[in-house]
Amino acid sequence: MVPVLLFGVPLIAGLIAFSLKGNTARGWSLFISFVVLAVSLTGISLAKTSSLLSFTTPWMGALNSHFAMNLDGTGQILCLLTAIAFPVIFITTWKEEYKNAKNFFALMLLSQAGLMGVFLATDALLFYFFWELALIPVYFLASQWGGEKRIAATFKFFIYTFLGSLMMLIGILFIYFHTKDHSFAMAAFYKAHMSMDTGTQTWVFWFMFIAFAVKMPIFPFHTWQADTYEQAPAAVTMVLSGVMVKMGVFGVLRWLAPVLPMGTYIWGDTVSMLAIIGMIYASLIAMRQDDLKRMVAYSSIAHIGLMVVAIFATTDSGIQGVMIQMFNHGINIIGLWIVVYLIEKQFHTRKISELGGLAAKAPALTVKLVIIVLANIAMPLTNAFIGEFLMFSGIYSSKVTHYNVVFMVTSGLTVVLSAVYMLNMVQRVFYGPTNAVTEKGVDIVRSEKIVLVFIVVLILAFGIFPQPLIRLTRESVDFLMMNMYLNK
């Protein structure tokens, strides 16, 4: 019942929103986002053995596909992130005016429904259906309400994601025909590798992986990201960066590594090297950015790349780190996007070179931004520290690669680079003298303070006491490790 509500409430509410007036649709969307958050928290409070956490009914009987959903630990933590993100985004952008506002908010809710479905589906065909449901609304949101170059950016985003989705569908169908009873069930997919030789797994791996790599994204499938983030409306950028990139990481964890264990093992070093190249490249590009949006966009590539390396290290601590870091990265990156949005809204610029001295004009914003930045560079006592510590520990202790030390050191370099460009941004934008652009600046208003205080509380709470996130995902980590290469 809980999984049905998590995707059904925003789905039905989104369809209803198309018939509402602009301001009514805005309030309706915020109300629904709180309802979804309440449902998500209810799901977490239930015992893991509760029948309310799963749902199965016949769907496409001729294909042996079921409408099957389950709220396990991985699903709970990502559904919670999604449920937190949308009310935070709606409150932050409350005063933003949209042409045809009802369509905007309806598409946002439909996207949330798709995201929830992706994290809940335990049937491969259903997973693919929700994957597309999450992405299609974003095409329209970015192309209709984006910036001046939105059409070009959205077209690039469409081409990348369309080709990636097509390859994933081919991969899913191929695996389907290698299941014992021609079933799309997750359990059947986890046994399909038994009827595939190593050579087959090595090429099917890429059909699945490229779709996930585009969504995360990792090098060299990343070139759509910065342009799309820059041109998309602020609310859409927050969804893309805070939640949607987790679709790719989640896809690798649930539908790739345990489904094609030998393919994952054979290509693990190659994928890790691509991820590290992307991490270093993105960090160096971020250091050179003068646009706040593009800097944050490139910083996200580096953080996601570390998760990829940790997954392919195939260690208990590495996978555990990825699980909790998916949630923490989403909270932190949304916090950064909120600050960027508030700066652009007030000063009508995102250029670092045109800003300065904001600490004197907006002390409340400055304090919160500094805490969010410290979390972004994984300082102790912030939420990202424990996740990155576990991931680095997992990479170092990996038994599936001879390059574990090299991967750990090179990945660690990006943490240093992250500190360089993030702290440099804080120094240039918030400290020093004010200028003609910032001299009339004012501090954030009450609603904006509430949102940022909430983000900061989450950062500090899970930094000081991460145990709830670890407990929530422990069983999922154990289950995943049982189905990965080392245990075959």
Side-chain angles (χ1 to χ4, degrees), residues 6-7 9-11 14 29-30 32-34 36-37 39-41 43 71 74-93 105 107-121 127 130-139 141-142 157 161 212 214-217 224-225 228-229 232-254 296-297 299-301 303-304 307 322-338 340-341 372 376 383-384 387 451 454-455 458-459 469 473:
L6 282 174
F7 95 91
V9 169
L11 177 66
S29 299
L30 179 60
I32 291 299
S33 69
F34 277 114
V36 174
L37 177 57
V39 174
S40 179
L41 292 172
L71 190 62
T74 311
Q76 285 179 330
I77 203 167
L78 289 174
C79 286
L80 178 61
L81 171 63
T82 308
I84 288 173
F86 276 79
V88 165
I89 292 168
F90 287 145
I91 293 171
T92 301
T93 59
F105 289 107
L107 290 169
M108 286 287 285
L109 289 175
L110 291 179
S111 182
Q112 184 183 32
L115 285 163
M116 290 295 189
V118 166
F119 301 140
L120 293 167
F127 169 76
F130 282 125
W131 182 276
E132 294 303 315
L133 178 60
L135 292 173
I136 290 172
V138 175
Y139 300 146
L141 286 164
F157 174 61
T161 53
F212 302 140
V214 167
K215 200 73 221 77
M216 289 186 271
W224 64 268
Q225 190 204 49
T228 304
Y229 285 11
V236 178
T237 300
M238 293 178 201
V239 172
L240 279 167
S241 185
V243 185
M244 278 201 170
V245 296
K246 309 309 183 302
M247 288 168 57
V249 181
F250 174 83
V252 173
L253 285 170
R254 175 156 291 178
V296 175
S299 76
S300 183
I301 295 176
H303 290 290
I304 298 298
M307 295 184 208
V322 172
M323 290 285 186
I324 63 176
Q325 197 67 357
M326 285 193 290
F327 178 84
N328 290 331
H329 171 267
I331 296 299
N332 298 344
I333 204 74
I334 288 174
L336 282 176
W337 286 119
I338 290 172
V340 171
Y341 167 73
I372 294 170
N376 198 63
N383 58 350
V451 168
F454 177 67
I455 295 287
L458 290 177
I459 287 172
L469 297 181
T473 56

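In what follows, residues are counted from 1 in the order of the sequence shown.
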**Asked** Which distance, rounded to the nearest 0.5 Å, do you find between the CG of L6 and the CZ of F119?
**Response** 11.5 Å
**Fill in**
In terms of heavy-atom contacts, G387 and Q325 come closest through CA-OE1, 3.4 Å
**Request:** Could you tell me which non-hydrogen atom of N332 sits nearest to which non-hydrogen atom of I372, and how far apart they are?
**Result:** O-CG2, 3.6 Å
**Prompt:** Should I455 and I331 count as side-chain neighbours, where that means a heavy-atom distance under 4.5 Å?
**Reply:** yes
**Message:** Can you list everything that forms a side-chain contact (heavy atoms from CB on, under 4.5 Å) with F454? Sequence neighbours excluded, please.
**Reply:** I84, V88, L458
**Request:** Output yes when a side-chain donor or acceptor of T82 lies under 3.5 Å from a complementary backbone atom of L78, and no otherwise.
**Result:** yes
**Fill in**
Interatomic distance, NZ@K246 vs CG@L115, rounded to 0.5 Å, equals 10.5 Å
**Prompt:** So how far is it from E132 CD to Y139 OH, rounded to the nearest 0.5 Å?
**Reply:** 6.0 Å
**Item:** Straight-line distance of F105 CZ to L110 CG, nearest 0.5 Å
**Value:** 13.5 Å
**Request:** Step by step, work out the side-chain contact (heavy atoms from CB on, under 4.5 Å) result for Y229 and V296.
**Result:** CA-CA 9 Å; Y229 285 11; V296 175; over 6 Å; no
**Request:** Could you pull out the closest heavy-atom pair between C79 and L71, with the gap in Å?
**Result:** SG-CD1, 4.1 Å
**Item:** I32/F86 under side-chain contact (heavy atoms from CB on, under 4.5 Å): CA gap, chis, key distance, verdict
**Value:** CA-CA 10 Å; I32 291 299; F86 276 79; over 6 Å; no
**Request:** Determine the minimum heavy-atom distance between S29 and F90, stating which atoms define it.
**Result:** O-CE1, 3.6 Å
**Asked** Okay, side chain of W131, backbone of M247: is any donor-acceptor separation there less than 3.5 Å?
**Response** no
**Asked** Taking only residues two or more places apart in sequence or in another chain, which ones pass side-chain hydrogen bond (donor to acceptor under 3.5 Å, both in side chains) with T237?
**Response** none
**Request:** Grab the two heavy atoms, one from F327 and one from L469, that are nearest each other, plus how far apart they are.
**Result:** CD2-CD1, 4.0 Å
**Prompt:** Who pairs with Y341 by ring-ring contact (aromatic ring centres under 6.0 Å, His included), at least two apart in sequence or on another chain?
**Reply:** none
**Request:** Identify the heavy atoms of V451 and T92 that sit nearest to each other, and give their distance.
**Result:** CG1-OG1, 3.4 Å
**Fill in**
Interatomic distance, CG@L41 vs CG@L37, rounded to 0.5 Å, equals 4.5 Å
**Message:** Any non-hydrogen side-chain atom of V36 less than 4.5 Å from a side-chain atom of M116?
**Reply:** yes
**Prompt:** Quick one: side-chain contact (heavy atoms from CB on, under 4.5 Å) partners of A235, sequence neighbours excluded?
**Reply:** I89, T93, Y98, F104, M108
**Prompt:** Residues two or more places apart in sequence or in another chain: which of them pass side-chain contact (heavy atoms from CB on, under 4.5 Å) with A121?
**Reply:** L126, F127, F130
**Prompt:** From N376 CG over to L336 CG, what is the distance, rounded to the nearest 0.5 angstrom?
**Reply:** 5.0 Å
**Request:** Using the test side-chain contact (heavy atoms from CB on, under 4.5 Å), find all partners of S300 that sit at least two apart in sequence or belong to another chain.
**Result:** Q225, S241, I304, H329, I333
**Message:** Assess the residue pair V239 and Q112 against the criterion (side-chain contact (heavy atoms from CB on, under 4.5 Å)); give the C-alpha distance rounded to whole Å, side-chain angles, the decisive distance to 0.1 Å, and a yes or no.
**Reply:** CA-CA 9 Å; V239 172; Q112 184 183 32; over 6 Å; no
